Amino acid sequence: EAGVAQSPRYKIIEKRQSVAFWCNPISGHATLYWYQQILGQGPKLLIQFQNNGVVDDSQLPKDRFSAERLKGVDSTLKIQPAKLEDSAVYLCASSPRGGASGAYNEQFFGPGTRLTVL
Amino acid sequence: QKEVEQNSGPLSVPEGAIASLNCTYSDRVSQSFFWYRQYSGKSPELIMSIYSNGDKEDGRFTAQLNKASQYVSLLIRDSQPSDSATYLCASDSGAGSYQLTFGKGTKLSVIP
């Protein structure tokens, strides 16, 4: 079974530029998550999708970050304009069916995108 | 504010010893708990899930859950140098969205 796919793996941009990340979850997984992981910290949830609807985006800095999951499968996360503090690893995860306890909520991570903002 | 607390380490153990990693969580409604292993420069990998009080064993790994004490632990028996990584503890938010809150992770070094 293929895992969560993400691209690109690395990105270096200047501050105030824009950047987009792509994620394709495990086949059949209804729930998709975007996390930000700063060095030395645990992943922090940015946004959660259930199928093609947003469950929670309360931690997403909406003045600069946006995300969509059209057709309930793959998703994109965009930052525009980027700031220096956005330098982090952006992780995408999927679970069979979030919003439920136990094994349905086991989350599997993609390889991540390491973003450096100069 | 839901919190998951872990000792950041580093925790150093000799090869073949038992490594004991601990985690406490603040949200009493949490129902599911997860341990992830993260190698340097890599993404988190799920290694154990536990939902009920008591112990759950999987190979060299044993997860322990005590909901009354809001405490989760991970034991790694016969530690190997390949177990050297950061271990992240996560708890869910209970009924509703069941979102995960992660600790900062404990860095484990297994010394040959």
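Model, not experiment: these values are computed from the prediction. Throughout, a chain's letter reflects where its sequence line sits, starting with A, and its residues are numbered from 1.
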So, do B:Glu45 and A:Phe109 sit near enough that their side-chain heavy atoms are less than 4.5 Å apart?
-> no
Check the hydrophobic clustering (I, L, V, M, F, W, Y; side-chain heavy atoms under 4.5 Å; chains of links allowed) and say if A:Val4 and A:Phe21 are grouped together.
-> no
In terms of hydrophobic clusters joined by side-chain contacts under 4.5 Å, are B:Val13 and B:Leu74 together?
-> yes
Atom NZ of A:Lys71: over 12 foreign heavy atoms under 6.0 Å | no
Between B:Gly41 and A:Arg114, which heavy-atom pair has the shortest distance, and what is it?
-> CA-NH2, 3.9 Å
To the nearest 0.5 Å, what is the distance between CG (A:Leu91) and CD (B:Gln38)?
-> 7.0 Å
Kindly compute the distance separating OG (B:Ser93) from CG (A:Asn105), expressed to the nearest 0.5 Å.
-> 8.0 Å
Spacing of A:Gln107 atom CD and B:Tyr36 atom OH [to the nearest 0.5 Å] = 5.0 Å
Cluster link B:Phe102 to A:Tyr90, ILVMFWY, side chain under 4.5 Å | no
Might you point out which heavy atoms bring A:Tyr35 and B:Leu100 nearest each other, and give the distance in Å?
-> OH-CB, 4.1 Å
Look at the side chain of B:Ser43 and the backbone N and O of A:Gly112, then say whether any donor-acceptor pair between them is shorter than 3.5 Å.
-> no
Is B:Lys56 atom NZ crowded by more than 12 heavy atoms from other residues, nucleotides or ligands, each under 6.0 Å away?
-> yes
Pairwise distance NZ(B:Lys104) to CD(A:Gln37) - rounded to 0.5 angstrom | 12.5 Å
For A:Leu118, does the CG atom have more than 12 heavy-atom neighbours from other residues, nucleotides or ligands under 6.0 Å away?
-> yes
Check whether A:Phe49 and A:Ile26 end up in the same hydrophobic cluster, where Ile, Leu, Val, Met, Phe, Trp and Tyr are linked by side-chain heavy atoms less than 4.5 Å apart.
-> no
Does the side chain of A:Pro43 reach to within under 4.5 Å of the side chain of B:Leu88, using non-hydrogen atoms?
-> yes
About how many Å separate CD of B:Gln99 and OG of A:Ser95, when rounded to the nearest 0.5 Å?
-> 10.5 Å
